[in-house]
2 protein chains.
Amino acid sequence: MVCPHQVEWGGLVEGDSALGSRSAAEASTIRPTLKDVAREANVSQKTASRVLNEERYVRPEVRDRVKEAILRLGYRSNDVARTLKLGTTRTIGLVIADISNPFYASCAQGVARVARRRGYTVVLSASDEGLQEEREYVELLVRQRIAGLLLVPAAGDHGYLSSERSRGLPIVALDRPLVGVDSDCVIVENEAGMRAMTAHLVAHGCRRIAILCGSPDIYTYGTRLQGYRRALETAGIDERIRIINPTVEGATAATLELMSEPDPPDSICCVSNRVTVGVLAALVRLGVSVPDDLAVIGFDDFELSDVVRPRVTMVRQPAIELGMRAATLLIDRVEGLESGPPRTVTLPVKLMIRDSCGTHESGTQEAQCELGGQDGHDVPDGQG
Amino acid sequence: MVCPHQVEWGGLVEGDSALGSRSAAEASTIRPTLKDVAREANVSQKTASRVLNEERYVRPEVRDRVKEAILRLGYRSNDVARTLKLGTTRTIGLVIADISNPFYASCAQGVARVARRRGYTVVLSASDEGLQEEREYVELLVRQRIAGLLLVPAAGDHGYLSSERSRGLPIVALDRPLVGVDSDCVIVENEAGMRAMTAHLVAHGCRRIAILCGSPDIYTYGTRLQGYRRALETAGIDERIRIINPTVEGATAATLELMSEPDPPDSICCVSNRVTVGVLAALVRLGVSVPDDLAVIGFDDFELSDVVRPRVTMVRQPAIELGMRAATLLIDRVEGLESGPPRTVTLPVKLMIRDSCGTHESGTQEAQCELGGQDGHDVPDGQG
DNA sequence: TTGTAGGCGTTATCAG
DNA sequence: CTGATAACGCCTACAA
């Protein structure tokens, strides 16, 4: 089916836009330009441009003529050209670890929401926690002249970003701070959250408390581990640290192993929703009864945490808000609405007390963690 | 901290790149151009360009000089300019309904994986099932001159896309075909899947089989509903159709209502993972025992479907592969590797038999649905 | 092997 | 109010 525009369009093929026939692969190039619109409307290019950008000083009559031409030709302005001229994109680059982790998906959702609201476009990339991949993506994004960069940094040194930063690229770290550059960052109360979790286990009589933790080189795991240690230290209890691959499969394997050892734990702290899910899967397979045989507590919510029996006690992070705050901060930087030194925004987490740590619990209770403030607190960093 | 490049850079401020001081908001513009590199290396711009693109015919000595200049200046080529000149991006636009639905997240993951492998960048947008929002996003993407468009169409007519298509923009529909334009599309066996689900319930003695379904205007729901109806027709059983808002909350509310009515169903078919999760939440709350009091079966897997007790019988769709196939097809079109008429790729689904439909089940069994082939089948459409 | 001139589609400048 | 003309940063032709 040939749309009517096609017909109109046919008459312009002679134009100097070099609109001859091309191979299918190149066909996407056959689009009318502002010059075509101008010719069609019998005005200069600049006038057409004026209409397009809704500038003043265009006679209504002329304006209508141009608008008509735009419609007739199915003209779409070329942001590539405009960007080149203006020197600034309305695109933000988002580099996360893994889209299939609901936590990051929620962060991305928050980012997307704010971006849309403020007229920005989001380029998404997944680094899979690899610094090398992250660098490649950032390189690509910089080439594309993104207005700002939002990233969940992989483990390792991010000094490579300092040249970008010094060239004025706004960067906001999400979920974890950057190592080796300073930048804004939006994180949650990792240590306090885990401390609260561990203390909760202690309060329920647990003494052989294991933690299944990803590499402490990754900030979130490192700080959460720290919280665990401090809580145990306070309680005078020995640590049982297991560094694992923090995936569902990794956690399942580790749990299977852990529970088959002599002197197994009486409780497990999970450092992420992936780990919690993996632990639960293993326990179900083993027929271990929670919380009777073993208590389980997790950092970060997961879908069904409230539906699974027993309902899992865990610390909830505001994932969507994390994304929204990060995006807001970034765009504020981009637009110059925010111009102070790098700042760290720390959002509060909540301990949701349910049934997986002992029968004393009843109903879902919420407990703000020690550091928690209603809206998080905002700390300007020391110095650059 | 001032990085060493800054110093080098300082010497160039006089250049005709107009690198004077600017406001913080515009600072991202102060980047060296190829011209700066050329001057720094004492060669022509073209020579610098040659080195950048690794063309032949550059004396090694000169090449090194240029590379050094690039490094010293921290030069990053400007893809915006390059794109304008070349007339073609390496960006694909992805419009999905909702990132927080793990199904779409997985699709996006598949897309991202292929895109990365083939050197493309992905711009992500979420339409929230709104046709209007979808249009706005597409408009934006077209302006950005994406090389191709990948979308999960919202309900409604997509005739608005035909002008883009006729201008040569490759479009691949994901999860649902487009209405009103023809295009490639990658979907799963919706009807067969739901027919198998329903038949499975019938085989387990269910007779009051309800379906919780989203608006049939959305292709996936429409076809799944069709599968349900056909299976019941075959079995000579009455329909119990409930059109709901297919979210977790919507399904929970509907289930609560459904179960409190006189003559409640003996089984529920869920049209999506969102619905299944919502149903389970409601049943847990009501204390309804599955499968004893009620059988439950779902379309589309969800995390923990295999961990929750009883384990939920459901039809699994290959979400990641869906995304990968769609992206592959799209990029093949973009690059002209694929040039025939629009084609529809249908991927098979699998019925995973577990415990939520009756005690006859034991262990997880897999059953390929009727139409299933190993790799899906590929049907060139009728005609344009 | 290297350099010069011109244009991709916009917008900005500055006259008419 | 409107229109030539010159960039934006890169690449393709076409010389040298």
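From a predicted model like this one, the values you see are computed outputs, not experimental measurements. Basis for what follows: all heavy atoms, side chains included, without hydrogens, waters or symmetry-related copies.
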- With DNA chain C as reference, determine whether A/L84 or B/P60 sits nearer its 5' end, using the nearest nucleotide of each. B/P60
- Query: So what does A/D79 touch, heavy atoms closer than 4.0 Å: a base, only the sugar-phosphate, or nothing?
  - Reply: nothing
- Grab the NZ-C1' distance between B/K35 and C/dT4 for me, whole Å please. 13 Å
- Query: B/L34 near the nucleic acid: base, sugar-phosphate alone, or nothing, with a heavy-atom cut-off under 4.0 Å?
  - Reply: sugar-phosphate
- Message: Considering every strand and a 4.0 Å limit on heavy-atom distances, what is the contact class for A/V62: base, sugar-phosphate, or nothing?
- Response: sugar-phosphate
- Message: Please report the distance, rounded to the nearest Å, between CG in B/N42 and C1' in C/dT2.
- Response: 14 Å
- Could you tell me the separation between the CD atom of A/Q45 and the C1' atom of D/dA4, rounded to a whole number of Å? 11 Å
- For D/dC11, take OP1 and OP2 only and decide whether either is under 4.0 Å from a side-chain N or O of B/R82. yes
- B/Y57 side-chain N/O to C/dG3 phosphate OP1/OP2 under 4.0 Å: no
- Message: Looking at every non-hydrogen atom in both residues, tell me the closest pair between B/I99 and A/A112 and how far apart they are.
- Response: CD1-CB, 4.2 Å
- Task: Write down the distance between CZ (A/R76) and P (C/dG9), rounded to a whole number of angstrom.
- Result: 17 Å
- Minimum-distance nucleotide (side-chain atoms of B/V43 versus C/dT2, D/dC11, C/dG3): C/dG3
- Item | Short side-chain N/O contact from A/T47 to OP1 or OP2 of D/dG3, under 4.0 Å | yes
- Ignoring backbone atoms, establish whether A/N78 has a side-chain N or O less than 4.0 Å from OP1 or OP2 of C/dC8. no
- Query: Any donor-acceptor pair under 3.5 Å joining the side chain of B/R50 to the base of C/dG3?
  - Reply: yes
- Message: Salt bridge or not between A/D36 and A/R39? Use side-chain N to carboxylate O under 4.0 Å.
- Response: yes
- First encountered from the 5' end of DNA chain D, between A/V58 and B/A81: A/V58
- Query: With respect to the side chain of A/L86, which nucleotide from C/dT1, C/dT11, C/dG9 is positioned closest?
  - Reply: C/dT11
- Message: At 4.0 Å (heavy atoms only), tell me whether B/T83 reaches a base, stays on the sugar-phosphate, or touches nothing.
- Response: nothing
- Message: Measuring from atom CD of B/E40 to atom CG of B/L73, what distance do you get when rounded to the nearest 0.5 angstrom?
- Response: 5.0 Å
- Can B/D332 and B/R325 be counted as an ion pair, charged N to O under 4.0 angstrom? no
- State, without any angle test, whether A/E134 and A/Y160 hold a side-chain donor-acceptor pair at a distance under 3.5 Å. yes
- Task: Figure out the CZ/P separation between B/R31 and D/dG9, and round it to whole Å.
- Result: 12 Å
- Item | Distance, rounded to the nearest Å, where A/K46 contributes NZ and C/dC14 contributes P | 13 Å
- Task: Can you tell me the distance, in whole Å, between the CG atom of A/D36 and the P atom of C/dC8?
- Result: 11 Å
- Message: Does a side-chain N or O of B/S49 approach OP1 or OP2 of D/dC10 to a distance below 4.0 Å, or not?
- Response: no
- Task: Rounded off to whole Å, could you give me the CD-to-P distance for the A/E55 and C/dT13 pair?
- Result: 11 Å
- Short side-chain N/O contact to C/dG3 OP1/OP2 from B/S44, under 4.0 Å: yes
- Check: A/K85 side chain, D/dA7 base, donor-acceptor under 3.5 Å: yes
- Minimum-distance pair of heavy atoms, taken over all atoms of B/A81 and A/L84: CB-CD1, 3.8 Å
